[in-house]
Amino acid sequence: MARKQGAAAEARAPATDLPAERLLGMYRTMVTTRAVDERMWLLQRQGAIAFTIPCKGQEAAQIGAVAAFDPSRDWFYPYYRDVGVMLSLGMTPRDVFLGGFGKFDDPESGGRQMPYHWSLPKARVVTGSSPVATQIPHAAGTGMALQLKGEDGVVFCSFGEGSTSKGDFHEGVNFAAVRKAPVIFFCENNQYAISEGLEKQMAVRSVAERAAAYGIPGESVDGNDVFATYAVVRRAVERARAGDGPTLVEARTYRLMAHSSGDDDRNYRTREEIAEWAKKDPIQLFKEQLIRQGVLDEARAQALSAEVADEVDAATDAAEQAPWPEVADATRFVYAEGGNGRGR
Amino acid sequence: MAASQSTAVAVKPKSNLEAVREAMREEMARDPRVILMGEDVGVRGGVFQASAGLYDQFGNKRVIDTPLAESVIVGAAIGAAVAGLRPIAEIQFADFSHPAFDQIVNEAARVRYRSRNGWGCPLVIRAPFGGGVHGGLYHSQSVEAFYAHVPGLKVVAPSTPGDMKGLLKSAIRDDDPVVFFEHKGIYGGPREVIPEGDHLVPIGKADVKRPGEHVSVIAYGLMLHRCLQAAEDLAGEGISVEVLDLRTLRPLDTEAILATARKTGRVCVVYEDNKALGVGAEVSALIAEQALFDLDAPIMRVAGPEVPAMPYAPPLEEWFMPSAEGIAEALRHLATF
Ligand SMILES: Cc1ncc(C[n+]2csc(CCOP(=O)(O)OP(=O)(O)O)c2C)c(N)n1
Ligand SMILES: [Mg+2]
């Protein structure tokens, strides 16, 4: 039955079970995510890399959600905008830049895929493709496999709200619901699918309402608030781990940049609308929350940002200097060459 | 005739359908990672009874009745495969694999390549295919060319019970996605004695089902049997036909194809799919590229007509499918060219 989570989740000084060190780590990951995102944009505009797809504005949703999972046993199907998810799971800025350039040491694909096509076997982040929503059936199947093997892992599966129009969303969520598979379907509703606003994707008012069609809980949360997102996803993860099946979580947020480096957003949304959402910048909000809780102060925040800037500079240089893949490598691993994957 | 690694003795003849069932039963008993999923595969045992008895033997955790949704049947199988299982995903009819095309081609086939071996996708997609069963446009299709075009997939289409069993067992043990086509028209027969024991037939190897001297005919699936019939008929006319069963469509057994082409110098490729841009085009091109000067006649193709799919009415269905007589006619022409 669809349940909606509204204003209560947006409390200003939220209670949380996350210890201070952990919160500071999450803040650092958020700042790093922003810095990596901005660097990728710059590199693209300089002509150094071919393509980027910004996540600016969605960091709280990503980092809040993934914090509710257990990286030692859970499985992850992130979508292209999830820099914050991946940095939370152990990917480094250098790794992201290696993928941006398409260098051989790119841990996702050895330079084969476009940027942000995540894969990190050691963290159980499963390889993804470009066609949206295709990972949703995979997540359902992985959830089923964990049930069959008697393992207590939970599967994280994210996607945009536009992608919920696709058949694979319906088929995948329905499959998981029927089998009560331990999967959290995490929709980052950033209001747009390239140029198309919500009203062109769905006749329901929120993505969470779609859950009713599958007989699973649907929760809608302020995706610019780390604490709120974490709390809702954590409850969903607990339900899944207890055998109570999947949840559809909608994090309401906003994409502050164009869809991608190839997009010009001026003909489909106003500058005023963007400026309104920029006031709700998730990093600023998280910083204020942490300062209010006494976990962070201005000086520490500034020092941290400076450290991150240095780290991102060094990571950019390292990625730029890394070798390209050899052409001879392009014919490898069409099929197994002894052993079944998990090679990198 | 089928290459076998088995040495055990033979017993009573089995059908292709029994071969499929035995292969799945043996592999599920051997390896707890093997699961079967699809529409009606559980309690009902599959609409063709391919999995009859497996639900009772292995339970509803390993023999899974899925929702009626092909994309997630394959997609969830992919998710289970990367998580360490060895799923067999049944598509009830090959004609209904199209909703799963994206999952098969963009996902399963590319998992290993796109992660540069970070992930593998050991998965079998079983699909009954082919016509002659009064199935009309949407229960008769031969869709193998779509999938055989795709690097990253293996595509298998056996025609005899021994091969059916041995290849399915190999497919289940394979570390990569295999699309496994079972021709519906030969589920029931002809029967054949299958070697007992752990009978494996390697993927990627064709098989000479009937040796001959004057002309070669290359086929797979139901057409293989019509070619054998044509060869038998022509033997009475003094024409000796070599019949090569491709068995695997990707990777093609280049060596076996070139060997028969060089041996007889006269080649006909027979397939039930419509002719243009099908398996016959690839086989013909291969021979033209590598064995042209060994040929004594142009390569021929006998295949389905260029209409969208097989019509239902019996005379129209008969018109669509290459017949033993039609094949014999083509081979006669080739032999005397
Ligand atoms: C199947 C498919 N169709 C079209 C595209 C092109 N495309 C890439 S992203 C996108 C919009 C996706 O919007 P949404 O799901 O809301 O995610 P967002 O990009 O907003 O995060 C489109 C149309 C694609 N990648 N896959
Ligand atoms: Mg969107």
Side-chain angles (χ1 to χ4, degrees), chain A residues 75 77 104 106-113 117 119-122 124-131 134-149 151 153 155 167-168 170-176 178-179 181 325 329 332-344, chain B residues 32-33 35 37 59-62 64-87 89 99-100 102-103 105-123 150-154 174-178 203-204 250-251:
Chain A
W75 287 69
Y77 285 90
F104 182 65
D106 152 38
E108 304 155 288
S109 74
R112 291 175 180 189
Q113 294 234 62
H117 287 55
S119 169
L120 207 57
K122 63 177 183 197
R124 288 170 307 286
V125 176
V126 181
T127 170
S129 63
S130 297
T134 44
Q135 75 277 22
I136 300 175
H138 303 170
T142 296
M144 174 187 76
L146 293 174
Q147 287 176 311
L148 299 190
K149 295 201 291 183
E151 294 177 12
V155 185
D168 269 350
H170 166 72
E171 293 194 19
V173 175
N174 185 54
F175 187 98
V178 165
R179 305 199 61 79
D329 191 66
R332 295 201 59 192
F333 301 116
V334 178
Y335 299 100
E337 298 175 10
N340 177 32
R342 302 282 201 117
R344 281 178 81 86
Chain B
R33 297 172 303 171
I35 60 168
M37 51 196 291
N60 63 4
K61 279 193 162 174
R62 293 182 64 199
I64 298 160
D65 280 321
T66 65
L68 201 174
E70 284 73 16
S71 186
V72 79
I73 291 172
V74 175
I78 292 168
V82 298
L85 298 184
R86 299 233 153 198
D102 191 39
Q103 287 291 346
V105 173
N106 266 333
E107 303 302 316
R110 283 158 201 183
V111 160
R112 188 181 300 282
Y113 188 77
R114 76 189 187 203
S115 64
R116 202 186 173 281
N117 206 36
W119 295 95
C121 188
L123 160 69
V150 181
L153 296 178
K154 296 180 182 179
D174 202 279
D175 285 335
D176 291 303
V178 180
I203 292 174
R250 178 176 276 273

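In what follows, chains carry the letters A, B, and so on, assigned in the order in which the sequence lines appear, proteins first and then strands, with residues in each chain numbered from 1. Just so it is clear, the model here is predicted, and its values are computed rather than measured.
- Remark: A:Asp329 engages A:Arg112 in a salt bridge, criterion side-chain N to carboxylate O under 4.0 Å.
- Residue with the most contacts toward chain B among A:Val155, A:Leu148, A:Val178: A:Leu148 (heavy-atom pairs, distance under 4.5 Å).
- In terms of non-hydrogen atom pairs under 4.5 Å with chain B, the most contact-rich of A:Thr142, A:Thr127, A:Ile136 is A:Thr127.
- Only the side chain of B:Ile35 comes within contact range of chain A, with heavy atoms under 4.5 Å apart.
- A:Lys149 contributes a side-chain N or O that, together with a main-chain N or O of B:Ala83, makes up a donor-acceptor pair within less than 3.5 Å.
- Per-residue heavy-atom pair counts under 4.5 Å with chain A were compared for B:Pro87, B:Pro67, B:Pro99, and the maximum is reached by B:Pro67.
- Most heavy-atom pairs under 4.5 Å with chain B, from the set A:Gly141, A:Pro131, A:Ser130, A:Gly172: that is A:Gly141.
- Contact annotation for A:Val125: only backbone heavy atoms (N, CA, C, O) come within less than 4.5 Å of a heavy atom of chain B.
- One finds the CZ atom of B:Arg114 at 8.5 Å from the NE2 atom of A:His117 (value rounded to the nearest 0.5 Å).
- Under the rule for a side chain to side chain contact (heavy atoms under 4.5 Å, CB included), the partners of B:Ser71 that lie at least two apart in sequence or sit in another chain are A:Asp168, A:Glu171, B:Gln103.
- Electrostatic pairing of B:Asp175 and B:Arg86 counts as a salt bridge here, judged by a charged N lying under 4.0 Å from a carboxylate O.
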